[in-house]
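Throughout, numbering of the chain's residues begins at 1 and tracks the sequence. Heavy-atom basis, side chains included; hydrogens, waters and symmetry copies ignored.
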Amino acid sequence: MSLRPALGAAALLLLAALPVVPAAADPGESVTVDPTGRIAADGTVTLSGTYRCLAGKGPVFVSSSVSQSTREIRYGIGGSRAVCDGAEHRWQNSGKPSPDALKAGTAQVDTTVMELRPQGLLPLPYFHATRTQDITLTAS
């Protein structure tokens with residue numbers, strides 16, 4: 001019994017599941033992070049900034065994560081829906097990582113504007129803009 005047809009089908013499925021990534025960043029698309037984020041007494045972190053993206057074919061989100069002291073440990077700080085109409089919009093995400101995970105001070109934020117673009121049977125991620133930036137978390 002030959003495994004070639006099964007291996008070929010598996011390879012096609014793997015290729016179809018790869019994310020759709022733009023060849024080059026479109027100058028009309030961007031995401032920024034405000035230089036200051038907030039951390040509440042209960043540990044809730046709020047991050048914000050702006051984004052601009054062009055027309056999308058599927059739902060688009062602004063996601064953010066934050067790290068302190070080590071890049072290997074990142075905490076997801078929510079996500080929000082985005083409107084891709086070419087105009088600049090504000091975004092704000094809030095989340096509460098594990099207790100005492102973060103404190104006031106320097107932190108690094110990764111932000112992504114990502115679309116779930118219809119591609120065959122499955123929606124695949126399409127990245128409109130990404131940014132990594134150092135910020136200051138202030139107690140609020």
Side-chain angles (χ1 to χ4, degrees):
M1 175 180 218
S2 174
L3 290 177
R4 284 187 182 207
L7 290 174
L12 285 175
L13 283 173
L14 285 173
L15 286 174
L18 292 175
V20 179
V21 179
D26 188 310
E29 298 189 318
S30 62
V31 64
T32 69
V33 180
D34 291 340
T36 303
R38 296 187 319 266
I39 185 164
D42 70 353
T44 300
V45 173
T46 302
L47 304 171
S48 58
T50 63
Y51 72 90
R52 179 189 317 266
C53 55
L54 305 176
K57 299 175 184 172
V60 182
F61 302 91
V62 179
S63 64
S64 55
S65 63
V66 64
S67 65
Q68 273 186 331
S69 71
T70 178
R71 290 278 300 153
E72 287 77 36
I73 301 174
R74 307 207 53 74
Y75 299 97
I77 305 298
S80 52
R81 283 295 297 258
V83 177
C84 287
D85 59 5
E88 185 174 88
H89 297 277
R90 296 276 312 154
W91 65 269
Q92 179 175 303
N93 294 340
S94 293
K96 188 175 177 180
S98 53
D100 301 320
L102 300 168
K103 60 185 183 306
T106 302
Q108 189 170 58
V109 173
D110 286 323
T111 307
T112 303
V113 179
M114 189 269 305
E115 175 183 353
L116 292 175
R117 186 168 279 186
Q119 198 75 296
L121 297 175
L122 298 171
L124 296 177
Y126 178 90
F127 300 95
H128 287 271
T130 62
R131 183 172 187 93
T132 298
Q133 181 174 323
D134 289 334
I135 68 160
T136 301
L137 287 176
T138 60
S140 62

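Scored by the side chain to side chain donor-acceptor pair (under 3.5 Å) test, Arg74 finds Ser65, Ser67, Asp110 as partners (sequence neighbours excluded).
Put simply, the side chain of Thr111 reaches to within 4.5 Å of the side chain of Val62, judged on heavy atoms. Contact annotation: the side chain of Ser48 approaches that of Arg90 to within less than 4.5 Å [non-hydrogen atoms, C-beta and beyond].
Taking OG1 of Thr138 as the reference point, atom CZ of Arg38 lies at 7.5 Å (rounded to 0.5 Å). Annotation: the span from Gln68 atom CD to Ile73 atom CD1 amounts to 11.0 Å, rounded to 0.5 Å.
For Glu115 (side chain) and His128 (main-chain N/O), no donor-acceptor pair under 3.5 Å exists by modelled atom type. Side-chain atoms of Ser64 come within 3.5 Å of backbone atoms of Ile77 as a donor-acceptor pair (strictly under, hydrogens ignored).
Val109 and Phe127 are not part of a single hydrophobic cluster, where members link through side-chain heavy atoms under 4.5 Å apart. When hydrophobic clusters are built by joining Ile, Leu, Val, Met, Phe, Trp and Tyr residues whose side-chain heavy atoms come closer than 4.5 Å, directly or via intermediates, Leu116 is not grouped with Tyr51. Note on Phe61: it does not cluster hydrophobically with Leu54, by side-chain heavy-atom contacts below 4.5 Å among ILVMFWY residues. The cluster map of Ile, Leu, Val, Met, Phe, Trp and Tyr, joined by side-chain heavy atoms under 4.5 Å apart, puts Leu47 and Met114 in different clusters.
Test Thr32, Val31, Val33 against Thr50 for side chain to side chain contact (heavy atoms under 4.5 Å, CB included) and you get one pass: Thr32.
Taking both residues in full, the closest heavy atoms of Ser80 and Asn93 are given as OG-OD1, 2.9 Å, listed atom of the first, atom of the second, then distance.
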For residues 94-102, please give each side-chain donor-acceptor pair under 3.5 Å, one per line with the distance, not counting sequence neighbours.
from	atom 1	to	atom 2	distance (Å)
Ser94	OG	Thr46	OG1	2.9
Lys96	NZ	Asp42	O	3.4

Donor-acceptor contacts, no H, no angles, side chain residues 81-88, under 3.5 Å, sequence neighbours left out:
from	atom 1	to	atom 2	distance (Å)
Asp85	OD1	Ala87	N	3.0
Asp85	OD1	His89	NE2	2.9
Asp85	OD2	His89	NE2	3.4

